[in-house]
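Reading through the structure tokens given below for one structure.
Just so you know, these numbers come straight off a predicted model, no measurement behind them. Indexing begins at 1, ligand by ligand and atom by atom, following the structure's order. Note: hydrogens, waters and symmetry copies are ignored here, and every other heavy atom, side chains too, is used.
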Amino acid sequence: MCGIVGYIGSLGGPLRPLQVVIEGLTRLEYRGYDSAGIAINAESGIEVRKKAGRVENLNALLEAEPIPEGKSAIGHTRWATHGSPSDLNSHPHLSPDSEVAIVHNGIVENHQELREELLAQGASFSSETDSEIVVHLLGKEFARIGDLEQAMRNVVKRLEGSFALVAIAHRDPDRMVAARRNSPLVVGIGEGENFLGSDVAAFVGYTKLAMAIDQDQMVVVTANSVTVSDFDGNAVEPKTYEVDWDVNAAMTDGFDTYMEKEIHEQPRAVVDTLLGRRSKNGELHLDELRIDEAELRAIDKIIVIACGSAAYAGHVARYAIEHWCRIPVEVELAHEFRYRDPVVNSKTLVVAISQSGETMDTLMAVRHAREQGARVLAIVNVFGSTIAREADAVLYTHAGPEVAVASTKAFSAQIAAAYLLGLYLAQLRGNKYPDEVATYLDELAQMPERMASVLEQEDAVKELARKMSDVESVLFLGRHVGFPIALEGALKLKELAYIHAEGFAAGELKHGPIALVEEGLPIFVIVPTPRRPLLHSKVISNLEEVKTRGARVVVVAEEGDTAVNDLAELIIRVPHSTPTLMMPLVTIIPLQIFACELARQKGYDVDKPRNLAKAVTVE
Ligand code: M6R
């Protein structure tokens, strides 16, 4: 997830393009802050200034090296995915002849193949990014046909994955050309000037009239016109709308808080985490692998280390990896791991899960594991973070920046990444045939749609939270992969609404926790699919036990599961035929919405809960 901005116009003086783009980048920083850059189409040629770090670093550079004036400008704020956060990997990228500049948000899945093709033709690259490949292709095509719009049309047809691209060309100074697939792009319509952005936050300070660009569409923007077409060149009737958000609402995409926005971004986070993982011959691959494949084949134990929500994602990973790979998996809180003298050796794979990649407890556990001879694989969201750098292999979650302190989209992305790891190991170690791995990957690819269908039940869950806003204690029960989700549901409620909440394995109920059940106690029950009758019937029994004792039961159950019909105050349905192991991606969503809304009812700041920090960088 990166932020892109474009401006073209003849109003407001020669400094306006610079001013609009810098302002837009500042507002889009929540989309990424690994680097910021700007390109201006000046009379003398395209001029670029870019710098690693926040927009303030770019501003300092612009003071030291002022950029010439021009009629159009494009800008980018980066959340690194391919290539570390550095000056060279920053956008905009220039074509080798400096004729064309682009900014890109997304992931070009077939970048390796295209890079090889360009290298064979004598190209050399100055960055490690997938985006530079695009500007090479676009530069060549523009040089060949001299029409930026057609050149873009020809290039996007060669790209796989996700992209919102904005391009300017020195020899074509009166227009910007943009294209999108799977990454957002909107146009802001002004008078004598027009804007482009990843979202309306980029330009809402200048115009409230916007135009949505849909999937596989291109747009040509001049100072006085906006023309939309599909990738085949057919004209498209543009859809304009009035933005009624102020600048703050625009930054949270119309939601009141980042947490709500991030809950809704979960399907996207999973899509992005899955992008670009399969090679042409169908094999799965990780991002950075500094472990010999023979070593991975020889491992005889996996230990997942993590803290908080990341540890619960690790519990889900255990069910999947053990089932698919038949390797024993332990899950350990990172801060406990290194003080208990764990049995770790060169045949142990330690999997460290961390959104920030900077959690000190997890980092120390990683170092301890490596000192004991274990290999460490990190599942991390922040590119180039300390844990990613110190691990022997990395699988990045592409959730984009998570601003709210409580983890939501990073948690879902960690679970998706854990499935990928499980399938990767199953493929490598021969536990699953390639067609079996492909079937699981196809199922996984359907999960974002299923997640979106659960998000549609948001209103009912919010209504429930409003009705329960004065409760003092809530229990969560789950079994199998529902157990870590019960734990995560309880954590969300504790950290956001500051009320007592406990997650239990449903089977544990009669070994003690049932003593807590009294008239009116809310209990959420994550019910496994009836397609697993043994598991299902046991949880239904637990449900009846708490119901008889007067609990207010809320159920998360599969569509068509009639066994729960008369047992709950509210039934939240998850899509039928979701694979059992993948259920956590859908069952967690109502629990997040419930905690968020209940906290809001109490008047708490859900983005910054008391006493908590986003990255816990002390032990
Ligand atoms: O950045 P990390 O994933 O390593 O952070 C781990 C935990 O601190 C984090 O998940 C924490 O529990 C969150 N507040 C959960 O919402």
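- The protein heavy-atom contact nearest to atom 3 (O) of ligand 1 is Gln355 N, 2.6 Å.
- Within ligand 1, counting atoms from 1 as listed, the ones closer than 4.0 Å to a heavy atom of Ala310 are 3 (O), 10 (O).
- For Phe476, the ring pair (Phe, Tyr, Trp, His ring centres under 6.0 Å) test picks out Phe524, with sequence neighbours left out.
- Salt bridge annotation for Arg375-Asp392: present, with a cationic side-chain nitrogen under 4.0 angstrom from a carboxylate oxygen.
- Note on ring orientation: taking the six-membered ring where Trp is involved, the planes of Tyr396 and Phe383 are parallel (angle under 30°, cut-offs 30° and 60°).
- The contact set between ligand 1 and Val405, taken as ligand atoms under 4.0 Å from a residue heavy atom, comprises 14 (N).
- Atom 6 (C) of ligand 1 has as its closest protein heavy atom Cys307 O, 3.3 Å.
- The CG atom of Leu25 lies 11.5 Å from the SG atom of Cys2; values are rounded to the nearest 0.5 Å.
- The two atoms that bring Val329 and Arg318 nearest to each other are O-CD, 3.1 Å, heavy atoms only.
- Regarding atom 5 (O) of ligand 1, its nearest protein heavy-atom neighbour is Thr359 OG1, 3.5 Å.
- For Lys492, a nitrogen or oxygen atom sits less than 3.5 Å from a nitrogen or oxygen atom of ligand 1, counting backbone and side chain alike.
- Scanning the protein for heavy atoms near atom 1 (O) of ligand 1, the closest one is Ser356 OG, 2.7 Å.
- Judged as a salt bridge (charged side-chain N to carboxylate O under 4.0 Å, His left out), not a single pair has a partner in residues 351-364 (not counting sequence neighbours).
- Close approach of ligand 1 to Ala406 is summarised as follows: ligand atoms under 4.0 Å from at least one heavy atom of the residue are 16 (O).
- With a 4.0 Å heavy-atom cut-off, ligand 1 is reached by no atom of Glu358.
- Between Lys409 and Glu402 no salt bridge is recorded (no basic side-chain N to carboxylate O distance below 4.0 Å).
- Atoms of ligand 1 found under 4.0 Å from any heavy atom of Ser354, numbered from 1 in the order shown, are 1 (O), 2 (P), 3 (O), 4 (O).
- With 3.5 Å as the limit, one finds no donor-acceptor pair spanning the side chains of Thr129 and Asn89.
- Salt-bridge formation is detected for the pair Lys462/Glu260: a Lys NZ or Arg NE/NH1/NH2 atom is positioned less than 4.0 Å from an Asp or Glu carboxylate oxygen.
- Closest protein heavy atom to atom 10 (O) of ligand 1: Ser309 N, 3.2 Å.
- Atom 16 (O) of ligand 1 has Glu495 OE2, 2.5 Å as its closest protein atom, hydrogens excluded (heavy atom only).
- Scanning the protein heavy atoms around atom 8 (O) of ligand 1, the nearest turns out to be Val616 CG2, 4.1 Å.
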